[in-house]
Amino acid sequence: MTQHRELDEWVEEMARMCQPDEVVWIDGSEEERERLTGDAVSTGEMSMLDQEKLPGCLYHRTAPNDVARTENLTYICTTLREDAGPTNNWMSPEEGYRRGGEIFRGSMRGRTMYVIPFSMGPVGSPFSKIGVELTDSIYVVLNMRIMTRVGTPVLKQLGAGGEFTKCLHGKADRDINKRLILHFPEDNAIWSVGSGYGGNVLLGKKCLALRIASYLSKSEGWLAEHMLIMGVEDPEGRIEYVAAAFPSACGKTNLAMLLPPEGLKAKGYRIWTVGDDIAWMRIDTDGRLWAINPETGFFGVAPGTNNKTNPNMMKTIGSNTIYTNVVLTADGTVWWEDGDGPPPAEGWDWQGRPWKPGMMDDNGKPVLGAHPNSRFTAPVTQCPSHSFRIEHHHGVLISAIIFGGRRAHLAPLVYEAFDWEHGVFVGASMASERTAAQFGELGEVRRDPMAMLPFCGYHMGDYFEHWLNMGRRMTQPPKIFHVNWFRTGENGEFLWPGYGENLRVIEWILDRCRGEAEAVRTPIGYVATPDSLDLTGLDISEDALKKLLTVKRDDWRQETEQIASFFQQFGNRFPKALWEQLEALRGSL
Ligand code: O2Y
Ligand code: MN
């Protein structure tokens, strides 16, 4: 029982529906972590890894049909279908509660229902939002304890009448035909049933901090975005912050915690990681944009993470980390493809089957030990580059917003939007080409405005209008930029070396924000001049640099046609100002 009557009544009502044997309130204490870990290990739901090599680390496997977010089973349940917009699946709230209720009813018999009060953002900050997640998964509880601030301080902050998002999660029988991820923005509620994995079940993350928060932020006048936040400390010790949105497979997490290349490190540059996935941004009385990362952990993808791509992450995940669906080795450690070191001589794969390197399936294809979407959950404070401002209630001042995409031929390495409105156009027309590792045709262009396509909890036409309105309210808005690390030469080779070298581009961006770097005006925006980039110690040819910074008008003319057909779908809720931006681009090409 708490002081909050509405909360108590809701927990009782949900327990009546789900019928757990027991209801346990989460307090966030260390003693509780030890007890829950012991319970999870004793039931076999999780296992302890070697506590000398990986102190505090746990291992978990999910069901083979439950290894990623399921966008096709994710719905926005609004009274009017058009309020969900053309890019979301829609269900009426009545149907959502009825269909969800049928699956939830009695589904927790023989299980415990945990009640997790959690805060997205520092407890008590004006940026923060409180949620309460009910779940029958101990794995979810242990993950939420890493990803969010949980327990008694949150309940205290909630008091007797504070607002909170009602989050209900149940594993049920993890049957994909009885899986639904339902958002009820008008009721500030989320129901997720039939899954035990990641973004489907850690309801503070994609469901609350993006889909529900984006809906709330529109009426409350702030931004909930799918963006990393990083601070760049220059040789004078000045730290400036950028927020950046990239579609998946563009290295967002790696960028958030990169190590400066030798040339810039020697000059005194340093990176401070605030967050790798979500930014909540508000306008302050100074007319500027301030941001927090509402999370306290990383839910990162394991394959491809190694000491070259992300040395800071490798240090972060050495302790107190939950590993999901990676290879379990015989000596109680973990391994994944494109990680560090050779594979173990033998182990168990993500499905628990004996596994050896070099194993082939019936079609002669290598059998992967780790699932391609296998993950680690680790506390942000363990990251060597974590920012001392993560707990600041006021967040960090955002100097620049960066949009990015993976474009082999189209977009130059970096350009600056003419102004906020043009920047919104750049974000709204953001796109990426598929890599070999993804489903679909190689090179197929996928539009993903502001990297929010799967996460905007309402009509995206209204979302763009909200972005335009935010710009009108700021006296000193951040400048907006676009980057593309993936431009290729004639033989398909990457022209830009990537990884830590990306900091050189961010240095240019911050110089631009202070009016200190050269650029040339082109139809798409202000493009960096070759001399304005600091290339100290970088081995790159003049020819490659020229290619990286070229704007090819014919290619952009074709692009405007594709942008127009994408914008068309938003109908009369699409802002006129963005059509005008498209016309202006067409006119200047
Ligand atoms: O597949 C999942 O459930 C995780 S998806 C994810 C995890 C961490 C950060 N971002 C994402 C994403 O899909 O954007
Ligand atoms: Mn993400």
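Values reported hereafter were calculated over all heavy atoms of this structure, with side chains retained and with hydrogens, waters and symmetry mates removed. First listed ligand is number 1; within each ligand, the first listed atom is number 1.
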- Item | Side-chain donor-acceptor contact under 3.5 Å, Asn306 with Asp340 | no

- Will you find, in the side chains of Asn65 and Arg179, an N or O donor that is under 3.5 Å from an N or O acceptor? yes

Taking [X] first and then [Y], would you say they form a salt bridge - that is, a charged N and a carboxylate O separated by under 4.0 Å?
{"X": "Glu444", "Y": "Arg446", "result": "no"}
{"X": "Lys252", "Y": "Asp277", "result": "yes"}
{"X": "Arg149", "Y": "Glu391", "result": "yes"}

List the closest protein heavy-atom neighbour of [atom]: residue, atom name, distance to the nearest 0.1 Å.
{"atom": "atom 9 (C) of ligand 1", "result": "Asp277 OD2, 3.2 Å"}
{"atom": "atom 3 (O) of ligand 1", "result": "Gly199 N, 2.8 Å"}
{"atom": "atom 1 (O) of ligand 1", "result": "Asn373 ND2, 2.9 Å"}

Which of the numbered atoms in ligand 1 are under 4.0 angstrom from any heavy atom belonging to [X]?
{"X": "Gly198", "value": "3 (O)"}
{"X": "His226", "value": "14 (O)"}
{"X": "Tyr197", "value": "1 (O), 2 (C), 3 (O)"}
{"X": "Phe299", "value": "4 (C), 7 (C), 8 (C)"}

- Task: Provide the closest heavy-atom pair for His386 versus Val380 in the form atom of the first, atom of the second, distance.
- Result: CB-O, 3.3 Å

- Query: Is the cationic atom of Lys218 (NZ for Lys, CZ for Arg) positioned less than 6.0 Å from the six-membered ring centroid of Tyr215 and within 45 degrees of its normal?
  - Reply: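 No, Lys218 and Tyr215 do not form such a contact.
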
- Options Lys252, Lys205, Arg69, ranked by nearest heavy atom to atom 2 (C) of ligand 1, top entry: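 The option holding the nearest heavy atom is Arg69.
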
- Query: Looking only at non-hydrogen atoms, which of Arg375, Met147, Lys206 approaches atom 14 (O) of ligand 1 most closely?
  - Reply: Lys206

- Query: Would Phe298 count as a contact of ligand 1 if the rule is a heavy atom under 4.0 Å away?
  - Reply: no

- Message: For Tyr323 and Ser374: C-alpha separation, side-chain torsions, deciding distance, then whether side-chain hydrogen bond (donor to acceptor under 3.5 Å, both in side chains) applies.
- Response: CA-CA 8 Å; Tyr323 290 94; Ser374 54; over 6 Å; no

- Item | Proximal heteroatom of Asp277 relative to the Mn ion (ligand 2) (N/O/S) |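 It is OD1 of Asp277.
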
- Message: Quick check on the Mn ion (ligand 2): does Phe455 put an N/O/S atom closer than 2.8 Å to it?
- Response: no

